[in-house]
Amino acid sequence: MDKNRVKLDQLALLYLLLITGGKFLSLPSILAGDVGHDSWLSMLFSFLWDGICLCFLLWAIKLNSKANMDISAILDKSVSKVVSKILLAIFFVIFMLRTIILMTSCYEMFSITFDVSTNWIVYVLPVVILALFAIQKGFNAIARTSQLLFGLILLAVIALLIPPLSDVEFTQLLPIGEAGWGKILQTSYMRSFWFSDYMFMYFVMDGVKVKKRVFTPVLVCFGIGAVLTVLLNVIFVSLFGSFAPQFNMAMSKIGAFTGANSSNGRWDWLTLAIWLLSVFIKIIVFIFCAYKCIEKIFDKNFTNVNWIVALVIFALLMIPMFVSTEQLLSTVILWGIIPFTLVQYLLPLFMPLFTKVALKKTEVKHE
């Protein structure tokens with residue numbers, strides 16, 4: 001596990017990139033279609049649930065700091081191996097679905113915004129190879145890469161969000177709560193699939209170098225990520241009003257309001273390209289976690305990349321060639337909302353208890 005060990009500060013910076021990396025594409029238009037200009041409130045409630053669950057998960061990581069048990073060992077000792085494998089299978093489905101959604105969104109952004117069209121297999125293959133390289137090198141390599149790129153990506157996000165503020169009409173957000181608070185809360189729950197980016201922490205909790213400060217760095221980065229994401233949504237619905245549901249790529253559309261169009265071209269394309277690095281980091285993290293799920297389900301610890309597992313992941317990423325993203329969102333994700341909620345919002349609340357039970361059983365066994 002040495003090559004997978006990461007510092008808590010690295011984990012926090014990576015978490016911020018994951019938050020901003022996946023919610024600036026099609027989610028704002030989807031939420032706008034659900035609750036109109038109140039979509040930012042729905043997003044705010046989603047982050048509130050995330051914040052609560054994150055605190056419990058960090059508590060579990062702190063309890064586990066000396067034992068360094070992985071998620072599989074904790075669940076095996078606390079809720080049985082059968083339940084553990086069921087939960088890991090749900091995790092695997094979530095990570096693969098989120099990877100597929102992210103990749104299709106990026107594919108659409110390349111074709112629409114950058115006017116670049118390519119074959120889906122040719123598009124997916126390099127990403128999978130890069131993810132497998134990261135798996136081979138260990139999670140520490142992903143964390144170091146995100147730490148190296150963090151400042152550049154954050155500056156790109158700020159450069160995209162600040163210029164459009166001069167064109168924003170905040171009156172577009174009034175009256176607040178017009179969609180109805182019940183509808184807003186329901187949307188927050190039904191679109192929860194897009195949130196809970198802290199789930200990757202389950203699969204590195206045995207390799208986190210914990211110091212005295214456990215909550216502060218992660219919660220600060222979570223807060224910054226939440227503020228930036230809600231701000232983007234506010235800007236998006238304020239700029240486009242009732243037309244917001246028709247524009248899938250929110251960050252791309254906001255980039256057009258930078259006032260940077262000139263005879264020299266649009267410089268916001270450069271900042272968009274830099275920001276997209278965070279999306280691909282998120283894709284690699286999700287593939288890493290999906291790979292680890294298979295390892296733990298079958299009780300294996302591959303010393304090298306297992307090519308059978310790699311081929312299974314690659315084959316699953318071919319789903320968009322046969323099923324549209326809209327079908328995935330309206331069928332698989334909708335029907336899976338209850339089991340997804342189980343691992344996204346219920347499991348974190350019980351993780352401190354499960355960790356204590358696992359620690360106690362480990363101590364008794366050693367005695």
Side-chain angles (χ1 to χ4, degrees), residues 16-33 39 43 96-128 130-131 146 149 152-164 191 193-195 197 225 228-229 231-233 235-237 239-240 243-258 260-261 265-287 317-321 323-329 333:
L16 197 161
L17 291 185
L18 297 192
I19 293 173
T20 59
K23 300 177 180 62
F24 290 4
L25 291 166
S26 57
L27 179 60
S29 64
I30 292 174
L31 291 177
S39 57
M43 187 172 282
M96 289 308 304
L97 283 174
R98 294 193 68 175
T99 300
I100 289 170
I101 298 299
L102 279 174
M103 294 199 72
T104 52
S105 295
C106 284
Y107 186 82
E108 184 178 350
M109 187 169 183
F110 282 131
S111 60
I112 295 177
T113 305
F114 298 111
D115 197 22
V116 175
S117 182
T118 186
N119 180 274
W120 178 258
I121 298 176
V122 175
Y123 165 67
V124 171
L125 187 59
V127 178
V128 173
L130 186 59
S146 63
L149 296 173
L152 188 63
I153 294 173
L154 189 62
L155 286 175
V157 172
I158 294 173
L160 285 165
L161 292 183
I162 290 182
R191 300 302 182 185
F193 169 80
W194 301 86
F195 292 84
D197 292 315
L228 289 175
T229 307
L231 177 61
L232 174 130
N233 200 80
I235 294 173
F236 181 68
V237 296
L239 288 174
F240 297 102
F243 294 100
Q246 301 177 26
F247 299 112
N248 290 333
M249 302 294 106
M251 186 62 104
S252 175
K253 297 303 179 182
I254 285 177
F257 283 82
T258 58
N261 292 324
R266 290 178 53 179
W267 67 268
D268 63 288
W269 283 9
L270 175 62
T271 50
L272 276 172
I274 294 172
W275 165 73
L276 278 172
L277 292 173
S278 65
V279 182
F280 284 105
I281 289 174
K282 188 168 188 172
I283 289 171
I284 290 169
V285 168
F286 284 170
I287 293 177
L317 291 178
M318 294 299 106
I319 289 177
M321 295 181 66
V323 181
S324 68
T325 304
E326 290 73 18
Q327 287 177 298
L328 283 176
L329 290 173
I333 295 173

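Numbers for residues simply follow the sequence, beginning at 1.
In this structure, the separation between CZ on F286 and CG on L102 is 6.0 Å, given to the nearest 0.5 Å. Atom CG of D197 is separated from atom CG of L17 by 11.0 Å, given to the nearest 0.5 angstrom. Atom CD1 of residue I30 and atom CH2 of residue W194 lie 4.0 Å apart, to the nearest 0.5 angstrom. In this structure, the separation between CG on L228 and CD1 on I19 is 9.5 Å, given to the nearest 0.5 Å. Rounding to the nearest 0.5 Å places CZ of F24 at 5.5 Å from CG of L161.
Between Y123 and F110, the ring planes lie perpendicular to each other; the angle is over 60°, past the 30° to 60° tilted range.
With sequence neighbours excluded, the residues that form a side-chain contact (heavy atoms from CB on, under 4.5 Å) with L152 are I274. Residues that satisfy the side chain to side chain donor-acceptor pair (under 3.5 Å) test with N233, not counting sequence neighbours, are S39.
Among I100, V124, V127, L317, the single residue meeting the side-chain contact (heavy atoms from CB on, under 4.5 Å) criterion with I283 is V127.
Of the possible donor and acceptor atoms, none in the side chain of W120 sits under 3.5 Å from a partner among the backbone N and O of Y107. Q327 places a side-chain N or O within donor-acceptor distance of the main-chain N or O of S324, the cut-off being under 3.5 Å.
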**Q.** Worked check of side chain to side chain contact (heavy atoms under 4.5 Å, CB included) between L27 and F195
**A.** CA-CA 10 Å; L27 179 60; F195 292 84; 4.0 Å; yes
